[in-house]
*Asks:* 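Below: one structure in structure tokens.
Keep in mind it's a predicted model, so treat the numbers as computed, not measured.
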Amino acid sequence: MDMRSEDYGELQRLVDSVFPPGASSAATASRLDVELRAEILDLAAELMEVVGALPPRAYTRQRLCDQLNSILTARGWGNVYGTVE
């Protein structure tokens, strides 16, 4: 799979939903917070798989982005779904 999915950019929408613009860089969210937000946004099954692969911990925006990008890269899905920042 090397074509962009119709869900391209949805993980960025998730990150922006968990950490809205202007949120403190010290703000954190738990894996459960991220999973619940992903369910609210009704992400596709493969994207829910990515979220489900997050280790349980508290995440800053940067740490969440790094972890999601790592999972996407490991699955070869960076070009399909887009990376996050």
Side-chain angles (χ1 to χ4, degrees):
M1 230 163 113
D2 59 322
M3 298 178 60
R4 280 190 175 183
S5 166
E6 63 184 38
D7 294 311
Y8 187 92
E10 287 298 295
L11 285 176
Q12 185 65 56
R13 187 168 71 109
L14 171 64
V15 170
D16 291 341
S17 177
V18 174
F19 295 102
S24 166
S25 61
T28 62
S30 70
R31 174 182 149 185
L32 181 59
D33 294 332
V34 178
E35 286 179 315
L36 290 174
R37 182 60 60 175
E39 288 179 13
I40 290 168
L41 295 174
D42 197 27
L43 295 186
E46 284 186 340
L47 296 178
M48 289 301 294
E49 182 182 323
V50 170
V51 172
L54 289 168
R57 65 176 311 150
Y59 290 93
T60 61
R61 181 184 180 106
Q62 186 60 55
R63 180 167 273 165
L64 177 62
C65 290
D66 291 346
Q67 191 68 53
L68 289 171
N69 288 335
S70 177
I71 295 165
L72 286 165
T73 300
R75 286 170 168 71
W77 292 347
N79 290 332
V80 178
Y81 293 113
T83 55
V84 295
E85 55 185 49

*Asks:* Under the side chain to side chain contact (heavy atoms under 4.5 Å, CB included) criterion, do Arg37 and Asp33 qualify, and how do the steps go?
*Replies:* CA-CA 6 Å; Arg37 182 60 60 175; Asp33 294 332; over 6 Å; no
*Asks:* Indicate yes or no for a side-chain donor-acceptor contact from Thr73 to the backbone of Asn69 under 3.5 Å, with no hydrogens or angles considered.
*Replies:* yes
*Asks:* Could you pull out the closest heavy-atom pair between Leu54 and Val34, with the gap in Å?
*Replies:* CD1-CG1, 3.9 Å
*Asks:* What are the two closest non-hydrogen atoms of Phe19 and Leu64, and how far apart are they?
*Replies:* CE1-CD2, 3.8 Å
*Asks:* Please name the pair of heavy atoms, one in Gly82 and one in Leu72, separated by the smallest distance, quoted to 0.1 Å.
*Replies:* O-CD1, 3.3 Å
*Asks:* Could you measure the distance from the CD atom of Glu35 to the CG atom of Leu14? Nearest 0.5 Å is fine.
*Replies:* 10.5 Å
*Asks:* For residues 58-80, pull every pair meeting salt bridge (Lys or Arg N to Asp or Glu O under 4.0 Å), keeping only residues two or more places apart or in separate chains.
*Replies:* Asp16-Arg61, Glu49-Arg75
*Asks:* For a quick test of reading the model, state the closest non-hydrogen atom pair linking Cys65 to Val15 and the distance between them.
*Replies:* SG-CG1, 3.8 Å
*Asks:* Using every non-hydrogen atom in the two residues, find where Val50 and Leu11 come nearest and quote the distance to one decimal.
*Replies:* CG1-CD1, 4.2 Å
*Asks:* Distance check, rounded to the nearest 0.5 Å: Tyr8 atom OH versus Thr83 atom OG1?
*Replies:* 6.0 Å
*Asks:* Does the side chain to side chain contact (heavy atoms under 4.5 Å, CB included) test come out yes or no for Glu85 and Gln12, once each step is laid out?
*Replies:* CA-CA 7 Å; Glu85 55 185 49; Gln12 185 65 56; 3.8 Å; yes
*Asks:* Can you give me the closest heavy-atom contact between Leu47 and Glu10, atom names plus distance?
*Replies:* CD1-CB, 3.7 Å
